[in-house]
Amino acid sequence: MAKYCPECGGELRYDSGHKAYSCLSCGLTFLPQELIEAWETAKSRRDEEEKRRQERRDYLKWWLRSRDEKKRG
């Protein structure tokens, strides 16, 4: 498992007494299953943001093309 906080990117430490991971930076605490779910949520959020960035780049590229190029497709 990765050892970074899905919220802030800080280092996580495992507390065997509580059987939970705690972020040394922001203080959030995650049970193992909660941590997996948080990583999955963060990954899907990053994927969606990257998709939106790519759509904006594609639109800008299209916008900057000349009229003749746009007519051709």
Side-chain angles (χ1 to χ4, degrees):
M1 275 191 188
K3 297 199 179 186
Y4 64 90
C5 178
E7 294 298 317
C8 74
E11 182 181 353
L12 290 176
R13 288 281 165 90
Y14 184 70
D15 180 358
S16 58
H18 291 100
K19 295 183 181 177
Y21 293 89
S22 296
C23 177
L24 299 177
S25 182
C26 69
L28 284 176
T29 302
F30 301 94
L31 295 173
Q33 185 60 38
E34 293 172 336
L35 183 58
I36 292 168
E37 292 169 4
W39 281 331
E40 289 171 355
T41 300
K43 182 184 181 321
S44 66
R45 201 178 318 133
R46 283 191 309 272
D47 291 346
E48 187 62 33
E49 288 171 4
E50 179 56 36
K51 180 182 173 186
R52 277 185 259 143
R53 277 195 290 276
Q54 185 61 46
E55 288 172 351
R56 287 186 204 117
R57 284 190 295 261
D58 291 345
Y59 180 77
L60 180 60
K61 192 175 179 181
W62 173 84
W63 180 254
L64 294 174
R65 290 189 323 188
S66 70
R67 283 187 191 170
D68 291 338
E69 289 176 328
K70 288 178 187 175
K71 286 180 185 177
R72 284 185 267 154

Non-neighbouring partners of Ser25 that pass side-chain contact (heavy atoms from CB on, under 4.5 Å), sequence neighbours left out: Cys8, Cys23
side-chain contact (heavy atoms from CB on, under 4.5 Å) against Glu40, all qualifying residues, sequence neighbours excluded: Ile36
Qualifying residues under ring pair (Phe, Tyr, Trp, His ring centres under 6.0 Å), relative to Trp62, sequence neighbours excluded: Tyr59
Within-4.5 Å side-chain heavy-atom neighbours: Cys5 and Phe30: yes
Hydrophobic cluster identity match, Leu35 and Leu24, side-chain contacts under 4.5 Å: no
Hydrophobic cluster membership, Leu31 vs Tyr21, 4.5 Å side-chain cutoff: no
Residues Glu55, Arg52: salt bridge by 4.0 Å N-O rule: no
Salt bridge flag under 4.0 Å for residues Asp47 and Lys51: no
Nearest-0.5 Å distance that lies between atom CZ in Arg65 and atom CG in Leu60: 12.0 Å
CZ-CZ distance between Arg53 and Arg46, expressed to the nearest 0.5 angstrom: 10.5 Å
